[in-house]
Number of protein chains: 2
Amino acid sequence: MRSLGKRIELLRAVAHPVRVRILQELCKGVKCVADFEDFLEISQPNVSQHLSVLRKEGVIDFYVDGRLKCYFLVDPIIPDLLDILQREYAEQLPAPSCCPVTKKGTYPGRRHR
Amino acid sequence: MRSLGKRIELLRAVAHPVRVRILQELCKGVKCVADFEDFLEISQPNVSQHLSVLRKEGVIDFYVDGRLKCYFLVDPIIPDLLDILQREYAEQLPAPSCCPVTKKGTYPGRRHR
DNA sequence: TAAGAGTATTCATATGTTTGCATGTTTGTC
DNA sequence: GACAAACATGCAAACATATGAATACTCTTA
(Lines give C-alpha, C1' and ligand atoms only; values in the text may rest on other atoms or scores of the structure.)
Protein backbone atom coordinates (compact mmCIF):
# COMPACT_ATOMS: atom_id res chain seq x y z
CA MET A 1 0.00 0.00 0.00
CA ARG A 2 0.97 3.64 -0.29
CA SER A 3 3.15 5.09 2.41
CA LEU A 4 1.69 7.73 4.69
CA GLY A 5 3.85 10.32 2.94
CA LYS A 6 2.38 9.38 -0.43
CA ARG A 7 -1.12 9.52 1.00
CA ILE A 8 -0.47 13.04 2.23
CA GLU A 9 0.69 14.08 -1.24
CA LEU A 10 -2.48 12.57 -2.63
CA LEU A 11 -4.46 14.61 -0.11
CA ARG A 12 -2.81 17.79 -1.33
CA ALA A 13 -3.59 16.89 -4.93
CA VAL A 14 -7.25 16.37 -4.07
CA ALA A 15 -7.61 19.45 -1.87
CA HIS A 16 -8.70 21.88 -4.57
CA PRO A 17 -12.31 22.84 -5.36
CA VAL A 18 -12.04 22.10 -9.07
CA ARG A 19 -10.34 18.77 -8.53
CA VAL A 20 -12.92 17.69 -5.96
CA ARG A 21 -15.64 18.50 -8.49
CA ILE A 22 -13.81 16.46 -11.11
CA LEU A 23 -13.50 13.50 -8.77
CA GLN A 24 -17.16 13.73 -7.74
CA GLU A 25 -18.12 13.44 -11.39
CA LEU A 26 -15.71 10.57 -11.98
CA CYS A 27 -17.33 8.69 -9.10
CA LYS A 28 -20.47 8.60 -11.22
CA GLY A 29 -18.68 7.24 -14.27
CA VAL A 30 -16.29 7.81 -17.14
CA LYS A 31 -15.97 11.33 -18.56
CA CYS A 32 -13.97 12.93 -21.36
CA VAL A 33 -12.32 16.34 -21.08
CA ALA A 34 -15.04 18.25 -22.90
CA ASP A 35 -17.60 16.83 -20.44
CA PHE A 36 -15.78 18.59 -17.63
CA GLU A 37 -15.72 21.87 -19.49
CA ASP A 38 -19.51 21.83 -19.44
CA PHE A 39 -19.96 22.09 -15.70
CA LEU A 40 -16.66 23.59 -14.63
CA GLU A 41 -16.49 27.19 -15.67
CA ILE A 42 -12.84 27.17 -16.59
CA SER A 43 -10.86 26.93 -19.81
CA GLN A 44 -9.92 23.69 -21.54
CA PRO A 45 -6.20 24.07 -20.79
CA ASN A 46 -7.02 24.61 -17.15
CA VAL A 47 -9.14 21.45 -17.07
CA SER A 48 -6.24 19.57 -18.64
CA GLN A 49 -3.87 20.91 -16.03
CA HIS A 50 -6.05 19.76 -13.15
CA LEU A 51 -6.45 16.36 -14.75
CA SER A 52 -2.68 16.24 -15.12
CA VAL A 53 -2.21 16.85 -11.40
CA LEU A 54 -4.55 13.99 -10.56
CA ARG A 55 -2.92 11.73 -13.14
CA LYS A 56 0.60 12.33 -11.84
CA GLU A 57 -0.60 11.45 -8.37
CA GLY A 58 -2.05 8.17 -9.65
CA VAL A 59 -5.59 9.16 -8.71
CA ILE A 60 -7.07 8.81 -12.19
CA ASP A 61 -6.21 7.27 -15.55
CA PHE A 62 -7.77 7.32 -19.02
CA TYR A 63 -8.76 5.29 -22.03
CA VAL A 64 -8.18 6.64 -25.50
CA ASP A 65 -10.90 6.49 -28.13
CA GLY A 66 -10.00 8.29 -31.29
CA ARG A 67 -9.30 11.85 -30.29
CA LEU A 68 -11.18 11.58 -27.03
CA LYS A 69 -9.59 10.72 -23.69
CA CYS A 70 -11.93 9.05 -21.29
CA TYR A 71 -10.97 9.54 -17.67
CA PHE A 72 -11.83 7.21 -14.81
CA LEU A 73 -11.00 6.73 -11.12
CA VAL A 74 -8.11 4.48 -10.17
CA ASP A 75 -7.34 5.06 -6.50
CA PRO A 76 -9.82 3.35 -4.19
CA ILE A 77 -9.26 5.91 -1.45
CA ILE A 78 -11.16 8.56 -3.39
CA PRO A 79 -14.76 7.45 -2.78
CA ASP A 80 -14.07 7.19 0.95
CA LEU A 81 -12.44 10.61 0.96
CA LEU A 82 -15.31 12.27 -0.89
CA ASP A 83 -17.75 10.56 1.42
CA ILE A 84 -16.08 12.09 4.45
CA LEU A 85 -16.07 15.53 2.85
CA GLN A 86 -19.84 15.42 2.57
CA ARG A 87 -20.73 13.53 5.72
CA GLU A 88 -22.61 15.20 8.54
CA TYR A 89 -20.60 15.70 11.71
CA ALA A 90 -21.32 17.04 15.15
CA GLU A 91 -20.12 20.60 15.62
CA GLN A 92 -17.32 19.65 17.98
CA LEU A 93 -15.68 16.70 19.61
CA PRO A 94 -16.34 16.31 23.35
CA ALA A 95 -13.90 18.37 25.40
CA PRO A 96 -10.92 16.47 26.81
CA SER A 97 -11.39 14.74 30.12
CA CYS A 98 -10.99 16.91 33.16
CA CYS A 99 -7.34 16.28 34.01
CA PRO A 100 -5.31 15.63 30.87
CA VAL A 101 -1.65 14.90 31.36
CA THR A 102 1.27 15.87 29.17
CA LYS A 103 4.95 15.39 29.74
CA LYS A 104 5.15 18.87 31.15
CA GLY A 105 2.43 18.51 33.74
CA THR A 106 -1.16 17.94 34.71
CA TYR A 107 -3.83 20.38 33.75
CA PRO A 108 -7.27 21.35 34.94
CA GLY A 109 -10.07 20.70 32.50
CA ARG A 110 -11.32 24.26 32.81
CA ARG A 111 -10.98 26.65 29.92
CA HIS A 112 -8.94 29.67 30.94
CA ARG A 113 -7.72 31.47 27.87
CA MET B 1 -22.29 21.63 9.15
CA ARG B 2 -19.33 22.96 7.24
CA SER B 3 -19.80 23.70 3.58
CA LEU B 4 -17.93 21.61 1.05
CA GLY B 5 -15.67 24.61 0.37
CA LYS B 6 -14.74 24.86 4.05
CA ARG B 7 -14.08 21.14 4.17
CA ILE B 8 -11.68 21.47 1.26
CA GLU B 9 -9.81 24.26 3.05
CA LEU B 10 -9.61 22.01 6.08
CA LEU B 11 -8.17 19.29 3.87
CA ARG B 12 -5.46 21.64 2.66
CA ALA B 13 -4.61 22.59 6.23
CA VAL B 14 -4.27 18.95 7.20
CA ALA B 15 -2.32 17.87 4.12
CA HIS B 16 1.18 18.48 5.50
CA PRO B 17 3.43 15.82 7.03
CA VAL B 18 4.11 17.77 10.21
CA ARG B 19 0.47 18.64 10.75
CA VAL B 20 -0.63 15.06 10.21
CA ARG B 21 1.87 13.96 12.87
CA ILE B 22 0.54 16.62 15.21
CA LEU B 23 -3.03 15.46 14.67
CA GLN B 24 -2.09 11.81 15.14
CA GLU B 25 -0.64 12.68 18.53
CA LEU B 26 -3.66 14.77 19.46
CA CYS B 27 -5.88 11.79 18.70
CA LYS B 28 -4.17 10.06 21.61
CA GLY B 29 -4.77 12.95 23.99
CA VAL B 30 -3.93 16.46 25.07
CA LYS B 31 -0.44 17.79 24.38
CA CYS B 32 1.41 21.03 25.06
CA VAL B 33 3.76 22.69 22.57
CA ALA B 34 6.95 21.38 24.13
CA ASP B 35 5.58 17.84 23.85
CA PHE B 36 5.49 18.25 20.08
CA GLU B 37 9.04 19.52 19.95
CA ASP B 38 10.18 16.21 21.36
CA PHE B 39 9.14 14.03 18.44
CA LEU B 40 8.96 16.56 15.62
CA GLU B 41 12.46 17.58 14.63
CA ILE B 42 11.63 21.20 14.00
CA SER B 43 12.02 24.44 15.93
CA GLN B 44 9.54 25.71 18.49
CA PRO B 45 8.42 28.67 16.34
CA ASN B 46 7.77 26.28 13.49
CA VAL B 47 5.65 24.05 15.74
CA SER B 48 3.69 27.12 16.78
CA GLN B 49 3.16 28.10 13.17
CA HIS B 50 1.74 24.72 12.28
CA LEU B 51 -0.49 24.78 15.35
CA SER B 52 -1.63 28.22 14.26
CA VAL B 53 -2.66 26.93 10.83
CA LEU B 54 -4.73 24.18 12.44
CA ARG B 55 -6.24 26.61 14.95
CA LYS B 56 -7.33 29.10 12.29
CA GLU B 57 -9.02 26.30 10.42
CA GLY B 58 -10.92 25.30 13.56
CA VAL B 59 -9.31 21.87 13.68
CA ILE B 60 -7.85 22.21 17.17
CA ASP B 61 -8.20 24.40 20.25
CA PHE B 62 -6.38 24.70 23.56
CA TYR B 63 -6.69 25.04 27.30
CA VAL B 64 -4.37 27.36 29.16
CA ASP B 65 -2.61 26.26 32.29
CA GLY B 66 -0.18 28.80 33.54
CA ARG B 67 2.35 29.27 30.80
CA LEU B 68 1.45 26.05 29.07
CA LYS B 69 -1.08 25.72 26.26
CA CYS B 70 -2.66 22.32 26.09
CA TYR B 71 -3.92 21.50 22.64
CA PHE B 72 -6.74 19.12 21.79
CA LEU B 73 -8.83 18.07 18.81
CA VAL B 74 -12.05 19.88 18.05
CA ASP B 75 -13.17 18.85 14.57
CA PRO B 76 -14.76 15.40 14.52
CA ILE B 77 -13.75 14.83 10.91
CA ILE B 78 -10.10 14.39 11.90
CA PRO B 79 -10.17 10.86 13.34
CA ASP B 80 -12.02 9.64 10.24
CA LEU B 81 -9.57 11.40 7.97
CA LEU B 82 -6.53 9.96 9.72
CA ASP B 83 -8.14 6.56 9.66
CA ILE B 84 -8.50 6.71 5.88
CA LEU B 85 -4.90 7.85 5.48
CA GLN B 86 -3.71 4.69 7.19
CA ARG B 87 -6.27 2.21 5.95
CA GLU B 88 -5.28 -0.63 3.62
CA TYR B 89 -6.67 -0.34 0.11
CA ALA B 90 -6.59 -2.48 -3.00
CA GLU B 91 -4.03 -1.29 -5.53
CA GLN B 92 -6.64 -0.11 -8.02
CA LEU B 93 -10.34 0.23 -8.50
CA PRO B 94 -11.88 -2.18 -11.03
CA ALA B 95 -11.61 -0.83 -14.57
CA PRO B 96 -14.72 0.94 -15.87
CA SER B 97 -17.42 -1.21 -17.40
CA CYS B 98 -16.93 -2.16 -21.02
CA CYS B 99 -18.87 0.58 -22.79
CA PRO B 100 -18.81 3.81 -20.79
CA VAL B 101 -20.80 6.70 -22.20
CA THR B 102 -20.03 10.39 -22.03
CA LYS B 103 -21.78 13.32 -23.63
CA LYS B 104 -19.35 13.16 -26.49
CA GLY B 105 -19.83 9.53 -27.35
CA THR B 106 -19.59 5.85 -26.49
CA TYR B 107 -16.26 4.20 -25.96
CA PRO B 108 -14.86 0.70 -26.13
CA GLY B 109 -13.65 -0.74 -22.85
CA ARG B 110 -10.31 -1.60 -24.37
CA ARG B 111 -7.24 0.37 -23.43
CA HIS B 112 -5.63 1.94 -26.48
CA ARG B 113 -3.00 4.47 -25.45
C1' DT C 1 9.57 43.80 39.90
C1' DA C 2 13.08 41.20 37.54
C1' DA C 3 14.14 36.94 35.46
C1' DG C 4 13.10 33.03 32.99
C1' DA C 5 10.04 29.37 30.93
C1' DG C 6 6.76 28.46 27.42
C1' DT C 7 4.67 29.97 23.45
C1' DA C 8 3.29 33.26 19.56
C1' DT C 9 4.15 36.63 16.03
C1' DT C 10 6.60 39.14 12.55
C1' DC C 11 9.57 39.50 8.79
C1' DA C 12 12.41 38.06 4.94
C1' DT C 13 13.31 34.70 1.72
C1' DA C 14 12.82 30.65 -0.92
C1' DT C 15 9.80 27.73 -3.10
C1' DG C 16 5.44 26.04 -4.85
C1' DT C 17 0.71 26.63 -6.92
C1' DT C 18 -2.75 28.44 -9.98
C1' DT C 19 -4.21 30.49 -14.05
C1' DG C 20 -4.34 32.53 -18.77
C1' DC C 21 -2.55 32.45 -23.06
C1' DA C 22 -0.17 30.73 -26.93
C1' DT C 23 1.26 26.81 -29.13
C1' DG C 24 1.93 21.74 -29.91
C1' DT C 25 0.27 16.94 -30.73
C1' DT C 26 -2.69 13.40 -32.22
C1' DT C 27 -6.58 11.63 -34.58
C1' DG C 28 -10.30 11.65 -37.79
C1' DT C 29 -12.60 13.54 -41.98
C1' DC C 30 -12.98 15.37 -46.44
C1' DG D 1 -2.60 15.95 -47.63
C1' DA D 2 -5.17 19.92 -45.63
C1' DC D 3 -8.02 20.97 -42.10
C1' DA D 4 -10.57 20.66 -37.83
C1' DA D 5 -11.59 18.49 -33.34
C1' DA D 6 -9.97 17.12 -28.84
C1' DC D 7 -6.65 17.46 -25.75
C1' DA D 8 -1.86 18.52 -23.72
C1' DT D 9 2.13 21.33 -22.78
C1' DG D 10 5.18 25.39 -22.01
C1' DC D 11 5.74 29.74 -20.19
C1' DA D 12 5.09 33.74 -17.39
C1' DA D 13 2.55 36.48 -13.97
C1' DA D 14 0.17 36.50 -9.70
C1' DC D 15 -0.38 34.59 -5.59
C1' DA D 16 0.17 31.41 -1.63
C1' DT D 17 2.92 28.60 1.48
C1' DA D 18 6.98 27.03 4.22
C1' DT D 19 10.84 27.98 6.95
C1' DG D 20 14.42 30.21 9.85
C1' DA D 21 15.68 33.95 12.64
C1' DA D 22 14.69 37.49 15.60
C1' DT D 23 11.64 39.34 18.71
C1' DA D 24 7.53 39.85 21.58
C1' DC D 25 4.22 38.23 24.73
C1' DT D 26 2.38 36.04 29.11
C1' DC D 27 2.57 33.81 33.22
C1' DT D 28 5.12 32.13 37.30
C1' DT D 29 8.47 32.37 40.73
C1' DA D 30 11.85 34.35 43.49
Side-chain angles (χ1 to χ4, degrees), chain A residues 5 8-22 26 30-38 40-57 59-72 100 102-108 110-113, chain B residues 5 8-22 26 30-38 40-57 59-72 100 102-108 110-113:
Chain A
I8 293 171
E9 286 176 28
L10 179 144
L11 217 58
R12 294 190 51 176
V14 171
H16 184 289
V18 167
R19 297 197 285 267
V20 167
R21 285 288 287 123
I22 287 175
L26 286 181
V30 176
K31 292 263 181 308
C32 69
V33 179
D35 289 339
F36 293 118
E37 286 181 71
D38 289 347
L40 300 171
E41 291 171 353
I42 60 180
S43 65
Q44 174 271 316
N46 202 354
V47 172
S48 265
Q49 283 156 355
H50 286 297
L51 289 171
S52 164
V53 169
L54 294 172
R55 240 170 29 220
K56 282 175 186 155
E57 206 51 60
V59 180
I60 62 179
D61 199 358
F62 59 86
Y63 289 97
V64 173
D65 176 41
R67 46 195 177 196
L68 300 187
K69 301 208 178 165
C70 314
Y71 281 89
F72 57 91
T102 82
K103 272 190 174 172
K104 293 282 177 178
T106 304
Y107 309 102
R110 295 169 290 119
R111 180 84 172 271
H112 297 245
R113 175 106 78 147
Chain B
I8 293 171
E9 286 177 27
L10 179 145
L11 216 58
R12 295 191 52 176
V14 171
H16 184 290
V18 168
R19 296 198 285 266
V20 167
R21 284 289 287 123
I22 287 176
L26 287 183
V30 176
K31 292 262 182 306
C32 69
V33 179
D35 290 339
F36 293 118
E37 287 181 71
D38 290 346
L40 300 171
E41 292 171 352
I42 60 179
S43 66
Q44 174 271 315
N46 201 354
V47 172
S48 264
Q49 282 158 354
H50 285 298
L51 290 171
S52 163
V53 169
L54 295 172
R55 239 169 30 218
K56 284 175 186 155
E57 207 50 61
V59 179
I60 62 180
D61 200 357
F62 58 87
Y63 288 98
V64 174
D65 176 40
R67 44 198 176 196
L68 301 186
K69 302 209 178 163
C70 313
Y71 281 89
F72 57 92
T102 81
K103 273 191 174 173
K104 293 283 178 177
T106 305
Y107 310 101
R110 295 169 290 121
R111 180 86 171 269
H112 297 244
R113 175 112 76 149

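Below, all heavy atoms of this structure are taken into account, side chains as well, without hydrogens, waters or symmetry copies. Lettering of chains follows the sequences in order, A, B, ..., and the numbering in each one begins at 1.
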First encountered from the 5' end of DNA chain C, between E37(B) and R67(A) =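 Checking each residue's closest nucleotide, the 5'-ward one belongs to E37(B).
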How long is the line joining [atom1] of [X] and [atom2] of [N], in whole Å?
| X | N | atom1 | atom2 | value |
| --- | --- | --- | --- | --- |
| L11(B) | dT17(D) | CG | P | 14 Å |
| L68(B) | dC25(D) | CG | C1' | 15 Å |
| H16(B) | dT17(C) | NE2 | P | 11 Å |
| D61(B) | dT7(C) | CG | P | 15 Å |
| K56(B) | dT17(D) | NZ | P | 11 Å |
| L51(B) | dT9(C) | CG | P | 11 Å |
| K69(B) | dC25(D) | NZ | C1' | 9 Å |
| Y63(A) | dC7(D) | OH | P | 17 Å |

Donor-acceptor pair, side chain of R19(A) and main chain of L54(A), under 3.5 angstrom =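 No, the answer is negative, given that no donor and acceptor are paired below the 3.5 Å cut-off.
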Identify, between P45(B) and N46(A), the residue whose nearest nucleotide on DNA chain D lies closer to the 5' end.
->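 Counting from the 5' end, the first nearest nucleotide belongs to N46(A).
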Upstream residue (5' side of DNA chain D) when R12(A) and V47(A) are each assigned their closest nucleotide =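 Going by which nucleotide is closer to the 5' end, it is V47(A).
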Shortest non-hydrogen contact from I8(A) to P17(B)?
->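 In terms of heavy atoms, the two residues are closest at CD1-CA, 3.8 Å.
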Identify the two heavy atoms, one from V14(A) and one from V20(A), that lie closest to each other, and give their separation to 0.1 Å.
->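 Distance-wise, the nearest heavy atoms are O-CG2, 3.3 Å.
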Have a look at F36(A) and say if it touches a base, only the backbone sugar-phosphate, or nothing, with a 4.0 Å heavy-atom cut-off.
->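 Contact class for F36(A): none.
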For the residue pair L26(B) and F72(B), establish whether any side-chain heavy-atom pair is separated by less than 4.5 Å.
->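 They are not in contact (no side-chain heavy atoms under 4.5 Å apart), so the answer is no.
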Please tell me which of the listed nucleotides, [options], lies nearest to the side chain of [X]?
| X | options | answer |
| --- | --- | --- |
| A34(A) | dC7(D), dT18(C), dT27(C) | dC7(D) |
| H50(B) | dT19(D), dC11(D), dT7(C) | dT19(D) |
| Q49(A) | dC7(D), dA21(D), dT19(C) | dT19(C) |
| S48(B) | dC7(D), dT9(C), dT19(C) | dT9(C) |
| S43(B) | dA8(D), dG16(C), dG20(D) | dG20(D) |

For V18(B) and R21(B), run side chain to side chain contact (heavy atoms under 4.5 Å, CB included): C-alpha distance rounded to whole Å, both residues' side-chain angles, the deciding distance at 0.1 Å, then the answer.
-> CA-CA 5 Å; V18(B) 168; R21(B) 284 289 287 123; 5.7 Å; no
dT7(C) OP1/OP2 closer than 4.0 Å to side-chain N/O of R55(B) =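 No, because none of the side-chain N or O atoms of R55(B) sits under 4.0 Å from OP1 or OP2 of dT7(C).
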Between Y71(A) and dA8(D), does any side-chain N or O lie under 4.0 Å from OP1 or OP2?
->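 Yes, Y71(A) has a side-chain N/O under 4.0 Å of OP1/OP2 on dA8(D).
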Using only heavy-atom distances, decide whether a donor-acceptor pair under 3.5 angstrom links the side-chain of Q44(A) to the base of dA8(D).
->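 Donor-acceptor pair under 3.5 Å: yes.
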